[in-house]
Student: 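Next up is a structure, given as structure tokens.
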Amino acid sequence: MRRLRICAMVLGWVALAAGIAAVGRGPLRLGAVAKAADTQSHSFDLNDLDTTCKPCQDFFQFVSGGWVKRNPIQPAYPSWGRFNELQNKNQEVLHQILEAAAKDRHAAPGSIEQKIGDFYGSCMDIKRVEKAGIKPLEPELQRIANLSSLGELQDETARLHGQGVAALFRFTSTQDDKNSTQVIGIAEQGGLGLPDRDYYTKQDDKSKDLRDKYVQHITQMLVLAGDAPGLAATEARTVMDIETKLAEASKTRVERRDPESNYHKMGPAELRALTPDFSWDTYFHNVGFPDIREVNVGQPEFFQALDKQLASVPLADWKVYLRWHVIHYSAAALSSPFVNENFNFFGKTLTGVTEMQPRWKRCVASTDRNLGEALGQKYVAQVFPPEAKARANQMVQNLIVALRADIQTLPWMSAPTRQQALAKLSAMSLKIGYPDKWRDYSAFQVTRGSYVENVQRGDGFEFRRNLAEIGKPVDRTEWDMSPPTVNAYFNPNMNEIVFPAGILQPPFFDASADDALNYGGIGAVIGHEMTHGFDDEGSQYDAQGDLRNWWTPEDMKNFKERAACVEKQFDSFQAADDLHENGKLELGESIADLGGLTLAHMAFDRTLEGKPGAAPAIDGFTPEQRFFLSFARIWGTTARPEYERMMVAVDPHPLPRFRANGALMNMPEFTAAFSCQAGDPMARPAAERCKIW
């Protein structure tokens, strides 16, 4: 099931977790994780530091300045950081697995080896892809050309959704926010080609220029598809006009962060009243699930506006719009003229990337996206032994102990709310490494033939798999990320924290490293995901994962006051030119960063208890300092200005340099560890420090 409200460590960014610390309150009993001091591995390269910058001036620069200088952004990437390093390492493993599978022409039909080998092989068959050109799309494009009525337009929309083309809107399955044991349908705003509705609505010069370039891109793609330049230019304006109206009817990303205002469960009669000109009964029949009876319409106003557009926009214009979205969706899987033009706009123009990634990397990523748990089985067998899973589990248990102790003594939380918070923590489930039950891909037909058709069948398989769950009890064994993913997430409906094997490696987790490095790295990640259960959005869900207010009014007031401090702090960070971070959009991640490092520091602190004498320094840094060094280094990242502008607009995570510094500015433990003085940029005045957990 595609759950739309998971709170991931990173989305667009290759980044992870930060936080704010508070003094530990109460006894913690923690299990051992890292090796004893006399057998520690340093696992920290001093060349990464920029010793010309003082820690209390800019800790991000101090910790990662040397690394950034030695690791410029690679031409094929919009940003380059620690996450990219680990992703590249994982890609090399996957590459070897897929090359071997592609060469095995005797794999049993329907086996994992056959599916991943043939999918990857079809992607790497450049001669076939180039020869095919746009021909694989011609049957669909002809269907669109032959549409003769609004009813046929709606039929085609359903057909395209079944191939992964998200025209007009998005439809899938999700847990019922107010009955998390059941799966219902969910309809959400969509239908845009640009990354976000703000790209269509902002009136600054840069936004206007980008829209002009988008129209030029559409024009060029339609010319490649066979249209005369003049006609293509007119059609591009038509697409832009339709998408602009859809964008104007859409909610902002900040508005969509409020789950209560995006919950509108409707039955058949309510759906018919919502969109008189769009038949949901027919849509459900066309996608193959006529018995769908309950749907959460996330943004009813959008669908009301869409319904009016369906009635008012000429059919000929809608045909142009659908044709564009078929080409746009498939561009990366077509021949090189389409791939290159697609990259020119969505790579170079939007993100500043100057060079396309090699084809093998693109094919590895595509195989992982379409067959992630099949490929993941091979991956974990190579890189994630049972001992690693056990050690990661022990760290999670230690962080749970820390959060429980923290909740029990929070001065601003009353007993009734505290009881509910502890119940939620006790009910929080844990997934580490890989699923206990692997996904069944038997219904996904994969051949060594057309790559674009394999992609269409992959998206169709996932679309139908999701819709088949509607009306059924939730399968709590499912994962929303593949095992090789360098990321982690919290799912509020499931009340679960999930850590794929891909992130449980250095620099985040190293079985040979000391406690300071592990708690500053993966410990902060773990704490981040746990805290998502209590951030501004996650706090609205109870222990069972239902959207329900379990806070007393006074406690919620106290929480919002503390959250407002975080929002204000991140609003003050200037990303580029006149562009500031969006504290409201980033609030959930910033709160999770704040709490994550707090909990990790509490847990790490307790590992030092009962040990005689002061723990020895390593490379001239105390364990306390190494904890903060480990935390900050995972954010070592540099990015292109174009990409940063896009991320500030669409990503709920702050830029990495602000995640590295922002939380630490609030931590008295950090300022003490590095002897920061009043007035230093990294030492906020006590009255301005943000503190929640």
Side-chain angles (χ1 to χ4, degrees), residues 9-21 50 53-65 68 78-79 81-83 196 198 202 204 206 252-254 257 352 524 528 531 535-536 562-598 628 631-667 670-671 676 679-692:
M9 299 301 298
V10 287
L11 296 176
W13 267 109
V14 282
L16 206 53
I20 179 178
D50 176 5
C53 178
K54 295 181 179 180
C56 300
Q57 294 297 309
D58 182 346
F59 199 62
F60 171 84
Q61 179 64 26
F62 172 74
V63 172
S64 296
V68 168
S79 67
R82 300 292 191 165
F83 278 74
D196 185 70
D198 287 359
K202 287 187 174 181
D204 59 279
K206 289 184 178 179
T252 67
R253 287 182 179 258
V254 171
R257 292 198 69 252
H528 174 104
T531 309
D535 67 18
D536 66 313
R562 285 158 175 76
C565 175
V566 179
E567 178 184 329
K568 181 179 179 181
Q569 180 189 10
F570 280 84
D571 274 340
S572 71
F573 292 140
Q574 187 169 340
D577 302 327
D578 59 344
L579 186 66
H580 279 249
E581 294 279 27
N582 185 341
K584 282 188 180 297
L585 176 62
E586 300 161 356
L587 186 57
E589 296 301 327
S590 300
I591 290 174
D593 285 350
L594 177 99
L597 196 59
T598 298
F628 293 117
F631 160 70
R633 73 166 168 176
I634 65 179
W635 300 112
T637 304
T638 185
R640 303 181 191 280
E642 299 92 338
Y643 187 61
E644 287 200 342
R645 292 192 73 88
M646 185 175 74
M647 288 297 99
V648 170
V650 305
D651 194 350
H653 304 79
L655 299 178
R657 61 184 180 277
F658 299 129
R659 298 185 80 175
N661 282 349
L664 294 177
M665 291 177 178
N666 296 293
M667 286 191 72
F670 167 78
T671 57
C676 299
D680 287 339
M682 291 299 302
R684 300 185 83 192
E688 297 178 14
R689 289 176 190 154
C690 303
K691 181 177 179 180
I692 299 180

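Computation of the quantities below employed the complete heavy-atom set of this structure, encompassing side-chain atoms and omitting hydrogens, waters and symmetry-equivalent molecules. The structure displayed is predicted, hence computed values, not measured ones.
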Student: Distance check, rounded to the nearest 0.5 Å: Leu594 atom CG versus Arg659 atom CZ?
Tutor: 12.0 Å
Student: To the nearest 0.5 Å, what is the distance between OG on Ser572 and CD on Glu688?
Tutor: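 One gets 9.5 Å once the value is rounded to the nearest 0.5 Å.
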Student: Working to the nearest 0.5 angstrom, can you tell me the gap between Trp635 CH2 and Phe658 CZ?
Tutor: 13.5 Å
Student: Go through the structure and list residues passing side-chain contact (heavy atoms from CB on, under 4.5 Å) with Lys54, not counting sequence neighbours.
Tutor: Gln57
Student: Taking only residues two or more places apart in sequence or in another chain, which ones pass salt bridge (Lys or Arg N to Asp or Glu O under 4.0 Å) with Arg657?
Tutor: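 Checked Arg657 against salt bridge (Lys or Arg N to Asp or Glu O under 4.0 Å); matches are Glu644.
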Student: Apply side chain to side chain contact (heavy atoms under 4.5 Å, CB included) to residues Phe628 and Met667 and explain how you reach the verdict.
Tutor: CA-CA 11 Å; Phe628 293 117; Met667 286 191 72; 3.6 Å; yes
Student: How long is the straight-line distance from CG of Leu579 back to NZ of Lys206, given to the nearest 0.5 Å?
Tutor: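 Taking NZ in Lys206 and CG in Leu579, the distance rounds to 8.0 Å.
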Student: Is a side-chain N or O of Asp680 found less than 3.5 angstrom from the main chain of Met682, in a donor-acceptor match?
Tutor: no
Student: Can you sort out the partners of Asp50 under side-chain contact (heavy atoms from CB on, under 4.5 Å), two or more places apart, ordered by chain and number?
Tutor: Thr52, Cys53, Gln61
Student: With sequence neighbours left out, what residues match Glu642 under salt bridge (Lys or Arg N to Asp or Glu O under 4.0 Å)?
Tutor: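 Glu642: no salt bridge (Lys or Arg N to Asp or Glu O under 4.0 Å) contacts found.
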Student: On a heavy-atom basis, which atom in Asp571 and which in Asn582 lie closest, and how many Å separate them?
Tutor: OD1-C, 3.7 Å
Student: State which residues pass ring pair (Phe, Tyr, Trp, His ring centres under 6.0 Å) with Phe570; sequence neighbours excluded, sorted by chain then number.
Tutor: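 For Phe570, the residues satisfying ring pair (Phe, Tyr, Trp, His ring centres under 6.0 Å) (neighbours in sequence not counted) are Phe573.
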Student: Can you name the salt bridge (Lys or Arg N to Asp or Glu O under 4.0 Å) partners of Asp196, sequence neighbours left out?
Tutor: Arg253
Student: Could you go step by step and tell me if Glu589 and Asp651 meet the side chain to side chain contact (heavy atoms under 4.5 Å, CB included) rule?
Tutor: CA-CA 10 Å; Glu589 296 301 327; Asp651 194 350; over 6 Å; no
Student: Of all heavy-atom pairs between Ile591 and Thr531, which one has the smallest distance, and what is that distance?
Tutor: O-CG2, 3.7 Å
Student: Report the distance from atom CG of Leu664 to atom CG of Leu597, rounding to the nearest 0.5 Å.
Tutor: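 Between atom CG of Leu664 and atom CG of Leu597 there are 6.0 Å.
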Student: What is the minimum heavy-atom distance between Ala660 and Ala632, and which atoms define it?
Tutor: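 Where Ala660 meets Ala632 most closely, the heavy atoms are CB-O, 4.4 Å.
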Student: Work out which heavy atom in Leu587 is nearest to a heavy atom in Ala563; give both atom names and the distance.
Tutor: CD1-O, 3.5 Å
Student: I need the minimum non-hydrogen distance between Phe631 and Ala524, along with the two atoms involved.
Tutor: CD1-CB, 4.2 Å
Student: Does a side-chain heavy-atom distance below 4.5 Å link Phe670 with Cys676?
Tutor: yes
Student: Identify the heavy atoms of Arg689 and Asn666 that sit nearest to each other, and give their distance.
Tutor: CA-OD1, 3.4 Å
Student: Would a 4.5 Å heavy-atom cut-off, applied to side chains only, mark Thr637 and Arg82 as touching?
Tutor: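 A side-chain contact under 4.5 Å is absent here.
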Student: Between CZ of Arg257 and CD of Glu586, what distance do you get to the nearest 0.5 Å?
Tutor: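 Here the interatomic distance stands at 10.0 Å.
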